[in-house]
Structures are given as structure tokens and as C-alpha cells.
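Have a look at the structure below, then the notes.
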Amino acid sequence: MYNNIIRREKVIKNNPRKSIHGQWSSKLIFIFAATGSAVGLGNIWKFPWMTGENGGGAFVLIYIVSVLIIALPIMMAEVFIGRHGKQNPVASLKYLANESSSFNFIEVDKSLNRVRSKRQSYSNYDDYSNWQLVGWAGIIAGILILSFYSVIAGWTISYIFKAATGVFDAISLEQSQRLFNDFISDPEKLLAWHTMFMIFTCYIVAKGVRGGLEKAVKFFIPSLFFLLICLAIYSMTLPGFYDGISYMFIPDIAKIDSNVILSAMGMAFFSLSIGMGSLMIYGSYLSDKSSITEVTAIVAFADTFVAILAGIIIFPMVFTYNLDPSSAGPGLIFQTLPIAFGAMPGGSIIATLFFILLFFAAITSSISLIEPAISYMVEQYSLTRAKATFRMGFITWVLGLGTILSFNYLSEYKFLGMTFFNLLDNFTSKVMLPLGGLLMAVFVGFIVKRNIVEEELKLNTIIFNSWRLIIRFIAPIAVTLIFINGLI
Ligand code: PFF
């Protein structure tokens, strides 16, 4: 028993209450970095494709509802865990669990006649540390997502070169579709771009948060927003604008089924980067003075804004060129956008700029996908960042080969009706992230002592209680029901 006390005291003392891996230089940089993680291929590549595949407006409606009542409250919980724990996700979860369980014994220590409850609190020690498994699951989810994310990001690099060399000039729909299909059926090319993207990611990650990431996000976020707004204005001039907008914003309630709901919820988790510890690790770099509520709300708003903007850009194009929104799949933006770029004056310059920015958007997300694994290895095994990055980067790169082959040689090999890529994408978005988010909500709602959370969030009582109600009951129940329904 006494060993346990000593062990627990050590754990509590070990939390430096000051991040051991540096801090953002300002609140704005956290907002930029978290937005950089959230805004990525998910918003511009995946959101329009998923919207098309899941019936348009119905999907968008449920997506927005999921962001507001499930994803944003869980996002606050995730950032809270990181900022309070100030270490990698595994260690932060462990620290918080032990801190909350130890409150018992500090209280009971004062009165010697409450030995029973004291004993109970000691024996809970190991149960509480099981929460670190959530951190582990997150690390694995990040690696799995990055393995296919990097392949798609590789497509954007290739499209930068295609755009710059005028390949899109006056391109027709058939030509654009052929260009894309020829490209993805060539595994060597995909491998080359995937490798290049992983090298970029690892290079930035190896340099550390302050060095690499801050510089990248400061420049890219504002530029990406600006270019997207310009493109949305261009889309307004297209003949299919009205049809595209109606398709996106007028929900056809009849199309809502359990799969649409599960897909929209999964998309919300994926797009906001929650449920796997990325935001936990970014939260651990956040200074204690910043308001978690304020920064997470800004990030969630910016992310949703970009996804909607991407839809406003893509769907008018889809309707102008008579494409079927539901069947284009992951190739949607790579087939539609080139036609629009090819038809506008100065198109190759705008297209080059667009794919460069998409590449930046992808890289600031990919960094956050691998960062939980890196910080864990550095803090736990005292590896250098470079070594940790090399090892994790290599594992991710190898896994990416499966995705590459699922677009060509292995496209006919299906498991549960899905290719390797579809399986990874569905499993991570629809199972791992929502489950991770659910467990984080339950953890903060039931395991962490209320006063610790209250102190950290600094909300007024009514808002705090409503938020706590959501993360204790509404979000976990909603996620569980959607999950069970979707799986059946
Ligand atoms: N949110 C990113 C996107 O929309 O592209 C992808 C992502 C990043 C998912 C980080 C999950 C994550 F932890």
C-alpha cells in the first residue's frame, strides 16, 4: 500500500505544471496551429466527396449539428486534458487519472477514522491508469490516418506540377477524368509522391514544434482563406451555381439514414481532428492564460467555414459540368477543379497556387497526425526527435503502400466490400475517432474531479454545467447510439 502512495505521489510530482516540450509563443499561434491541424484534405478533398456520396444537404445539416453538439464540446475536453496534463497524450491521461483519484486520499488523510475509503482509493490506482490506453489508441489512429492521408497529399503535389505546366488549359471533363484515372493507376508515381510528402512531414516534425510548425502555419492559413474566398466568388459566376447551392443547403430529409448520420459524425471528428490526441498535444503547448473555450470555438468555426466554402466552390462546378456528385468518390475535386481552372483567365497560375495551398493545408494536418506518436517516444524512451520521427515515419510510409495499391493492382481485392483504403478511412473515421472522443468525454465527465475542470475552463456556472451535461451524457449517448445504428 505504501509503495502505491509513493508511486502516486511521484506521478503527481512528475507533472511539471509547465510543458516539458515548449509552449506556443502566443494564443494566436495555438489558434493557427490547431486550425492548421483541423483544416486540411478533410475539408477540401473529403467533405465535398462525402457530401456528394451521402445525399447533399441532409449530410451537411447533420454534419453541422454534430459539430455543435458533439464535436465542439469533446474538443474542449480534449484540449483540457492536454493543457492540464502538459505531456504526451498517454502520460497526460495517466497524470489526470491519478491526480483525480489522489484527491480522495488527501482528503481522507486528514481524518484518520476514514481508513476504508482511503484504501479503496489506493486500490483504484491501476484502474485509473488504464485510461492511458485511450492515448495509445489515438497514437495508432494517427499513424493509420497519416498512412493514407500522405498518399492523397501526394496527389496534390503532383497536381501542382500539372497545373504549373499548363496541363489543365481548356481541359474537358473527359480529359480531366482520364488524367486522374491514368494517374492513380500508376503505383510508381503514387509511391514517389507519397514518399516525398512523408519526407516533408518528417523534416518539419523533426525540427520540433516551435521551429517548424509555427513558421508554416503563420503564412499558410491566411493565404488559404483568401484564395478559397476568391474561388467561391468565381463559382458564383457559373451557370450551375444555383443548383450546386440548393444541392448543398436544401436538405432532403428522406435521405437521412443511419449511415448518413454515422458518416456525418465521423466526418465532424475527422475534420476537427478530434478523438486521437492531436489537439491534446497541441493543448499541452497552450499557455495557462488562454481560454480553452474561446480558442476551440474559433478553431471549430474556422474549420466548418472552410468545409462549407469548399462545398460552395465544388458543387456549382459539379452541376455546371453535369457530373454525378454521388459517384465521383475520392477523385471528385481532382476531376472537377482542373476543368474550372482550365476555363478561367490566368487559370494555370491560380491552379498552381491552389494546389500549393492545399499541400500546405495537408502538411499542417499531417504534422499533427504524427506528433502524438513522436512526443510519446521522445518523452517515454528519451529518443531524439529525429530518431523518433524516422521510426514512426518509416512505419507510416510502409502502411501507405496498401493505400497506393488499393487504387490500382489491388482495387478488386475487397474486405467487407471495401478496398484497403476505404477500410482504413472508414475504420478510423467511423470507429476509432468517435470512440476515442467518447472515451475522452467520459473521462473528463466522470473521472476527472469537477473542480479541476472548473478551474481550468473558467466558465460561468450555467455554461459550465451545460457543457458538463453534454460531455457526461448527451455526447456519449449520441455517439453510442449513432455507432450501434450505423454498424447494424
Ligand atoms: N482534420 C484533418 C483534415 O480535415 O484534413 C485531418 C486530421 C488531422 C484528422 C489530425 C485527425 C487528426 F488528428
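This is a predicted model, so every value here is computed, not measured. For ligands, and for the atoms within them, numbers begin at 1 and follow the listed sequence.
- Checked by atom type and distance alone, the side chain of Ser92 never pairs as donor or acceptor with a backbone atom of Pro89 at under 3.5 Å.
- With ligand atoms numbered from 1 in the order given, ligand 1 contributes 3 (C), 4 (O), 5 (O) to contacts under 4.0 Å with heavy atoms of Gly42.
- Among all protein heavy atoms, the one lying closest to atom 1 (N) of ligand 1 is Phe270 O, 2.8 Å.
- Nearest protein heavy-atom neighbour of atom 8 (C) of ligand 1: Ser273 OG, 3.3 Å.
- For the pair Lys162 and Phe334, the cation does not sit on the ring face, since its NZ or CZ is not both under 6.0 Å from the ring centre and inside 45° of the axis.
- Considering Phe47, Tyr149, Trp45 only, the shortest heavy-atom separation from atom 5 (O) of ligand 1 involves Tyr149.
- Using the six-membered ring where Trp is involved, Tyr63 and Phe47 have ring planes that are tilted, between 30° and 60° apart.
- Some N or O of Leu41 is nearer than 3.5 Å to an N or O of ligand 1, by distance alone.
- Side chain to side chain, Ser278 and Ser273 fail the donor-acceptor criterion of an N or O pair below 3.5 Å.
- With hydrogens left out, the protein atom closest to atom 2 (C) of ligand 1 is Ser37 O, 3.3 Å, a heavy atom.
- For atom 4 (O) of ligand 1, the closest non-hydrogen atom on the protein side is Ala38 O, 2.9 Å.
- Judged purely by atom type and a 3.5 angstrom limit, Arg83 has no side-chain atom pairing as donor or acceptor with the backbone of Gly283.
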